[in-house]
Amino acid sequence: MSAFLTLYESLPRQGPGDRQTLDFALRIIGTGGSERILDAGCGTGADIDGLLCWAPTGHVTAVDAHAPFIDQIATRYASDPRVDAIVGDMAAQSGPFDLIWSAGALYFLGLQGGLHAFRKKLAPGGALVFSHPAYFTMSPSRGAQAFWEGEGEVLHSDAVCDAVREAGFDILDATSLPDAAWEAYYTPLQARIDALKPNATGDMAKTLVACQHEIDGWRSVKSETGYLQIVAVRQ
Ligand SMILES: C[S@@+](CC[C@H](N)C(=O)[O-])C[C@H]1O[C@@H](n2cnc3c(N)ncnc32)[C@H](O)[C@@H]1O
């Protein structure tokens, strides 16, 4: 297994996000309480408790491609019939779902590909919430562009919204994820880096350097780029 995944398995979440931003999005959508929810690319399931608070008599299908993440969720929710934890491709779940929640994961399918795949799984009027890399300036610096190196094409937030509308959604809100949501991801990651660094060798040592580079990079470019959280409903 890669050092990267070993490191990430020990984190409470695997990308930016927090309860405040989840509550913000779900308040905009409004829930009846019994929604069928897909947590697409759920990682170790940091958002499941929040989703269940908004749908206490609903159901969460938590899917991720990485089995050890799903094992953690299956153990944590073993006695809760409202949660199914599935190892698999988030694009291959059949639905229909009333809400698809995808924190920092849709972009693995490509923006258009992910929007198209998720739209097909939504019930009429169903909602999609996802966070997605974006520039907040029309002329991002070299540092801002370098931050996303290897992550595919990153668009200005206006262009991300255009793509969402073109894919057949109405946008209820599009807001940049606040710093606190990034800190919820990076603070535990920094603690793991600091703990492992003294004895790290080989791939793990390289992974820790790369993660430190990412954290430092974000701090220097966060006014220009980050994640856009989009709250949308299927037309
Ligand atoms: C940046 S992490 C975000 C995890 C989680 N949503 C969170 O915020 O903590 C992206 C996740 O998407 C998963 N992933 C990527 N492509 C996937 C796919 N096609 N099907 C299922 N999971 C996928 C990865 O394994 C990873 O756990």
Side-chain angles (χ1 to χ4, degrees), residues 1-26 37-52 60-74 76-77 83-95 97 99-121 128-134 147-152 154 176-190 192 207 210-211 214-215 217-218 225-231:
M1 182 193 305
S2 77
F4 180 82
L5 288 171
T6 305
L7 175 64
Y8 274 67
E9 280 166 24
S10 66
L11 298 177
R13 61 180 310 126
Q14 288 67 44
D18 61 10
R19 184 60 194 271
Q20 284 67 34
T21 48
L22 184 148
D23 286 346
F24 176 81
L26 273 285
I37 301 173
L38 175 67
D39 187 350
C42 59
T44 55
D47 295 322
I48 295 174
D49 282 351
L51 293 169
L52 287 173
V60 176
T61 302
V63 61
D64 200 282
H66 186 55
F69 292 166
I70 292 298
D71 290 345
Q72 290 189 31
I73 297 171
R76 222 160 62 234
Y77 293 95
V83 178
D84 277 332
I86 296 173
V87 181
D89 183 356
M90 59 189 169
Q93 307 308 307
S94 51
F97 297 101
L99 166 65
I100 298 180
W101 173 266
S102 189
L106 180 146
Y107 75 89
F108 284 93
L109 303 175
L111 180 56
Q112 274 90 2
L115 289 166
H116 184 67
F118 288 166
R119 190 180 184 283
K120 285 195 296 190
K121 301 174 199 318
L128 169 66
V129 183
F130 71 105
S131 52
H132 195 78
F147 180 70
W148 296 114
E149 201 178 321
E151 301 288 349
V154 174
S176 62
L177 274 192
D179 287 1
W182 286 84
E183 297 294 357
Y185 167 46
Y186 281 150
T187 301
L189 178 57
Q190 185 67 64
R192 289 299 290 154
T207 298
C211 289
E214 180 189 321
I215 295 172
W218 172 73
T225 192
Y227 270 7
L228 192 64
Q229 178 172 275
I230 299 209
V231 182

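The chain is numbered in sequence order, starting from 1. First listed ligand is number 1; within each ligand, the first listed atom is number 1.
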With a cut-off of 4.0 Å, which atoms of ligand 1 are near a heavy atom of M90?
->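 Checking each atom against M90, I get 16 (N), 17 (C), 18 (C), 20 (N), 21 (C).
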With a cut-off of 4.0 Å, which atoms of ligand 1 are near a heavy atom of G43?
->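 Numbered from 1, ligand 1 contributes 4 (C), 5 (C), 27 (O).
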Give the residue, atom name and distance (to 0.1 Å) of the protein heavy atom nearest atom 22 (N) of ligand 1.
->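 Nearest neighbour among protein heavy atoms for atom 22 (N) of ligand 1, to 0.1 Å: A65 N, 3.1 Å.
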Starting at NE2 of H132, measure out to CD1 of I230 and round the result to the nearest 0.5 Å.
->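 H132 NE2 to I230 CD1: 8.0 Å, rounded to 0.5 Å.
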Closest protein heavy atom to atom 27 (O) of ligand 1, given as residue, atom name and distance to 0.1 Å | D64 OD2, 2.6 Å
Atoms in ligand 1 flagged as close to G88, the criterion being non-hydrogen separation under 4.0 Å |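 Under 4.0 Å from G88, ligand 1 has these atoms: 20 (N), 21 (C).
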Which value, rounded to the nearest 0.5 Å, describes the distance between L115 atom CG and L128 atom CG?
->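 Here the rounded value is 6.5 Å.
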To the nearest 0.1 Å, how far is atom 16 (N) of ligand 1 from its closest protein heavy atom, and which atom is that?
-> F108 CB, 3.4 Å
Which of W148, Y186, F147 passes ring pair (Phe, Tyr, Trp, His ring centres under 6.0 Å) with W218? Answer is Y186
Numbering the atoms of ligand 1 from 1, which are under 4.0 Å from a heavy atom of F69?
->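 Here the atoms of ligand 1 in question are 27 (O).
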For residues D18 and R13, report the shortest heavy-atom separation together with the two atoms involved.
->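 Between these two residues, the closest heavy atoms are N-NH1, 3.9 Å.
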Exercise: do Y77 and D49 side chains pair donor with acceptor under 3.5 Å =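 There is such a pair (donor and acceptor under 3.5 Å, judged by atom type) between the side chains of Y77 and D49.
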For atom 9 (O) of ligand 1, closest protein heavy-atom neighbour =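 For atom 9 (O) of ligand 1, the nearest protein heavy atom is Q14 N, 2.9 Å.
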Identify, for atom 19 (N) of ligand 1, the protein heavy atom at the shortest distance, and state residue, atom and that distance.
->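 Here the closest protein heavy atom is D89 OD1, 3.0 Å.
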Between the side chain of Q14 and the main-chain N/O of T44, is any donor-acceptor distance below 3.5 Å?
->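 Confirmed, Q14 side chain pairs with T44 backbone.
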Residue, atom name and distance, where the atom is the protein heavy atom closest to atom 8 (O) of ligand 1 |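 Minimum-distance protein heavy atom for atom 8 (O) of ligand 1 reads R13 NH2, 2.9 Å.
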If you measure from each heavy atom of C42 to ligand 1, is any distance below 4.0 Å?
->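 The answer is yes, since C42 has a heavy atom less than 4.0 Å from ligand 1.
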Which of the atoms in ligand 1, numbered in the order shown and given with their element, are less than 4.0 Å from a heavy-atom of A103?
->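 Result: 3 (C), 5 (C), 6 (N), 8 (O).
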If you round to the nearest 0.5 Å, how far is CG of D39 from CG of D47?
-> 6.0 Å
Has the side chain of D64 got a donor or acceptor atom that lies under 3.5 Å from a matching backbone atom of I70?
->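 Answer holds: no.
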Min over G17, G15, G41 of heavy-atom distance to atom 4 (C) of ligand 1 lands on G41
Kindly indicate, with the supporting measurements, whether the criterion side chain to side chain contact (heavy atoms under 4.5 Å, CB included) is fulfilled by Q229 and F24.
-> CA-CA 10 Å; Q229 178 172 275; F24 176 81; 4.3 Å; yes
